[in-house]
Each structure stands twice: as C-alpha cells, then as structure tokens.
2 protein chains.
Amino acid sequence: MTVLKDVSGGVALWRRIADAIRLDIVGGKLAEGDRLPTEAVLAERFSANRHTVRRALAVLAQDGVVGAEQGRGTFVRNARRLSYPIGKRTRFREGLKGQASSLTSVSLSNRLENATAAVAKALDIRSASKVVRLEGMSLADGVSISRSTTWLPYRRFPDFAERIARFASTTETFASYGIEDYARASTRISARHADVEETKLLGLAPGAILLVSEAVDVDAEGVPISYALSRFPAERMELVV
Amino acid sequence: MTVLKDVSGGVALWRRIADAIRLDIVGGKLAEGDRLPTEAVLAERFSANRHTVRRALAVLAQDGVVGAEQGRGTFVRNARRLSYPIGKRTRFREGLKGQASSLTSVSLSNRLENATAAVAKALDIRSASKVVRLEGMSLADGVSISRSTTWLPYRRFPDFAERIARFASTTETFASYGIEDYARASTRISARHADVEETKLLGLAPGAILLVSEAVDVDAEGVPISYALSRFPAERMELVV
DNA sequence: ATGGATTTGTCCGTATGTATA
DNA sequence: CTATACATACGGACAAATCCA
C-alpha cells in the first residue's frame, strides 16, 4: 500500500485559518465592528506566513465577513448565522420565521423509485417498495441555506409531488391527506464536505462544510410519513435542539 | 481587494472524495464486506482522475475503512461510527454505553476565570463573574471521540474540579451538590474544521471535520448549572436527537 | 491449462496551487 | 514582486493479480 506521509490532510492552511477566524466571529468571540488582530499577530498565532493569513482574510472579505481598511486594520463586518430549531414539532418555515425576511423553497425534481434498505428502514416499509422522492432546496433572503432529499411512501402519498407544488407548504400538504399533525421521531446529525453538485446548487466554495440531518417524521399514530436528508452549509446555519 | 479565482476552496479534491466515500460507508449505503465501485467508475462519478481517487482510497485504507486487493477490487473493512443521543436527559456515559466496551474521560486542566459575554449569557449570570472552566477529552475503546470545554458558576460549584476528579462522573458530581436530577435546556449544533490543538489531541488529520455542540444543562428549577462546548470528530461520531 | 477481460499497482511527465522567504 | 520547495491533479502507459469462459 502507498505510504502516506501527508500532514496537511488535504485542507489548505489558509482555509483552516479562515475557518478558525470565521468561527470566532459567528461564535461571538469577535463582535461586529471589532478589529481583528494584525496580520502579523494572526500569522504568529497560526504558525503561518503572513501571506497565508492574507489569503484567509481575503476569502473572508469576499464573503463579507470581514473588511480590510488600509492603515487601520481588518474589521468584522457581518456576524450573522441562521438557527434552525429541531424538536418534536419541527417545521421548516416556522422555525426560520423572523430570522429572514424572505424564505423560498425550490422544487428541483421528483420521481418514483424503489426504496433502498436505508429508506425502507427509516419509513418502516418493505425494502424495494415504491417511494416518492423529492429533491429541493431553500433560500433565505436570496441566499441558499439548504438542499434536501425527501422520501415518502408511495402507497399513502402517490401524488405528494403535485400537491406540494400546489400548497407550497409541507404542513398543508400533509393536512390535505388528513394528517392534521405530525411529529419528529428522530434526527441524526453528521457533517461532511459538500460534493460537486451541492457546491454548485448552494453557491458554496468546494470543500465547504455541510451539516447533514436525517429526519423521520411520524403521524399522530407514530407511523413514519417522511424521511428527509437535509444538508445545511455550516457557515450559514446552525441547528438548535 | 485581491481578486480570488480560487475554485478548490482550499480543500483538496482527494479529501472531498475520501469524505464522500466514508460517508457512504458509515451511513450504511455500503456495508462491511461490500466491494466499492472500481477506481475508474469512482473517477467518473467524481469527475476526477483515477490517481486522485486512488489517493482518497489510500487515505481510507490507512484509516482501516477500506482495503484494496490487486485484481479483485476495493472492499469495505470497518463501517463503525458511534451515535451520541441528545435529548432532555442527556448523559454522556449512558448515551454511549453498549456502543463501546471501554469509555474513558480525561481531565486536561481546570482553572478559575471571569465569564465572557457568551458564557455569562448561557449560564444566566453577570458578565465577568467567576466561573470554573474544565478542559477534557474522552476516548472510546482507546480512540478519542470528543474534546470538551465546560464552564460552571463558581459561586455554586467552587470545587467542582476536585469533586469530578474524585467521582469521575458528571451525574454523581452534581448529586454531591444536592442536584439529584438535571436536564438539557438547549443544544446548538454546528460544524467546522479542527484547529491545530484539536487535531493533535484527537489524533486527526489536519482539516478533519468536527461536530460542535454547545449545551446548557439546568437543574430541576431550571437554573443553568453548566455550559459545555463539545467537539466530536464527524468521522467517528454522529449526534442523534 | 490458456487467453482475455477486469482491476489494482507503479512509473513516467506536466501544469497549477500552496506555503515560505 | 521574485524565487523555491512541495502538494495537488491530470494524463498516459504498462505491470501484476484475479477471475471466468
């Protein structure tokens, strides 16, 4: 087997520095308007060359997170990140209401397919039985904040795609099937790098980190009605339990 | 401002491919013993050169996740990942019990400090009032699975560090202060790259992704008793709500 | 047992990105 | 801005191991 003597882990130093500074900002250690340490100090702190720090700051500046001013220093510009609440009654639109002035959901595609083992298990149906698969994404104030794939049992929701296109709301669409209330049965959260498709759709830099949530919703009787795999850019969203 | 025409985002392609394959494995799409698609197929799927795919596979092989066999293919070796359940009554040791045969917590350091704005807000105390700060990490079966920083109000828990060293259990230590039960008030989850210190302590490759949880625990009366910032390697742990 | 197809392993070279000084 | 060293990514060619008709 090839011997790997790699120590960089495939993530450039400037990227790790940019992430660390961004975290200080969205995490509250640095407030809006604060001046960052000088490039020389940052270089010392991260054991990096000043050019490498400049590269990190340039990326953050392009994102609007910081702004450099000649002779004065680099300042925090925008420290906002959206919070997505997860609980028993998790509703996408309600959860983000008040955090963004506009919130749009885009349906990318839908199709019928046979449930994979994972999907069947989540929905508690026979493997390879028919499921409706929906691909979508959503934007807050024009910025994409999530990419999601949803599976529903075909037997119960044969025309879910058509109905959600009409109602533009998951809650109302379920209501049209007589499901007045539904609850979150489980949410599994992991994280990984965005793939090529997600990178393009969400307008992210390749290598951006995604929070991945696998959620199963159940009706009032506890029967699974949907299995959703949602991907949120970690730099724009956090999940709150 | 410098114009950036970067398209790699600072994360190497082989790293993104390795992450994607690893996710398929720990996520259950590929089971232990399964054969991966051939290098040529993977290269096609990720729009990459076969050499780049080989680099990704070599890293996964070194981690013991896959193993390549000349002439036969590459196979899934080890698909395990721990799940950490988060809920109203979140207990670290209980949550992981049964998933690992040994579970050890290491206390790295502790000190007294003045609460920062973020810590004061979380614990609902006056800014700059005294807090106990604990640094620790934990291992499951000898593999490090978390790095955590915990703050507690000094007024109520002046000798928390000494007591937890004696009891080796958060639940029992709280009990020694007369707190028979406590509950999780909120958990905020985000993700980022590991910094240098975390990389070393957790034995990760630089650039590894961490799931970051900020949790506030409260006593029976709803008064905050601790604020913990835990970091879990996304490749080893997932959070389940 | 042989040949050919498949699949991983190794070698060559070239261009660009990363990081330091 | 220069220069240097190394990592990343691509492309092609061929060897070595495995499998199957």
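Predicted, not measured: the structure shown is a model, and the values here were computed from it. Protein chains get the first letters and strands the later ones, always in sequence-line order, with residue 1 at the start of each.
Computed from coordinates, the F75(B) CZ to dT7(C) P distance equals 11 Å when rounded to whole Å. If you measure from atom CZ of R15(A) to atom P of dG17(C), you get 17 Å, rounded to the nearest angstrom. Per the geometry, CZ belonging to F46(B) stands 13 Å off P belonging to dA9(D), to the nearest Å. Regarding E44(B), its CD atom lies at a distance of 14 Å from the P atom of dT7(C), rounded to whole Å. Counting to the nearest Å, the C1' atom of dA21(C) and the CZ atom of R54(A) are 16 Å from each other. Atom pair L42(B):CG and dT8(C):C1' shows a separation of 12 Å (rounding to whole Å applied). The CG atom of L13(A) sits 18 Å away from the P atom of dG17(C) (whole-angstrom rounding).
For dT8(D), neither phosphate oxygen OP1 nor OP2 lies less than 4.0 angstrom from any side-chain nitrogen or oxygen of T52(B). Distances shown here put a side-chain N or O of R55(A) below 4.0 Å from the OP1 or OP2 atom of dT18(C). For T74(B) and dT8(C), the shortest distance from a side-chain N or O to OP1 or OP2 is below 4.0 Å.
Ion pairing between a basic and an acidic side chain is recognised when a charged N comes within 4.0 Å of a carboxylate O; E135(A) and R133(A) show such pairing.
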Identify each donor-acceptor pair in which a side-chain atom of residues 22-33 of chain B lies under 3.5 Å from a protein atom, sequence neighbours left out, and give them as a table.
residue: R22(B); atom: NH1; partner: D63(B); partner atom: OD2; Å: 3.4
residue: R22(B); atom: NH2; partner: D63(B); partner atom: OD2; Å: 2.8
residue: E32(B); atom: OE1; partner: A79(B); partner atom: N; Å: 3.3

Can you give one letter per nucleotide of nucleotides 11-21 of chain D, 5' to 3': B if a protein heavy atom sits under 4.0 Å from the base, S if only from the sugar-phosphate, - if neither? BBB--BBSS--
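Crowding of E69(B) atom CD: a count of heavy atoms from other residues, nucleotides or ligands under 6.0 Å exceeding 12.
Residues passing the salt bridge (charged side-chain N to carboxylate O under 4.0 Å, His left out) test with R111(A) are E113(A), sequence neighbours excluded. Listed by chain and number, the residues in a salt bridge (charged side-chain N to carboxylate O under 4.0 Å, His left out) with D195(A) amount to none (sequence neighbours excluded).
Contacts between residues 33-40 of chain B and DNA chain C, defined by a heavy-atom separation under 4.0 Å, are made by R35(B), T38(B), E39(B).
In this structure, the separation between OG on S105(B) and CZ on R93(B) is 4.5 Å, given to the nearest 0.5 Å.
In terms of modelled atom types and a separation under 3.5 Å, the side chain of R192(B) and the main chain of R16(A) share no donor-acceptor contact.
In summary, the side chains of S146(B) and S230(B) do not present any donor paired with an acceptor at a separation below 3.5 Å, with no hydrogens or angles considered.
Evaluation of the ring-ring contact (aromatic ring centres under 6.0 Å, His included) test over residues 52-86 of chain B, restricted to residues two or more places apart or in two chains, returns Y84(B)-F92(B), Y84(B)-F232(B).
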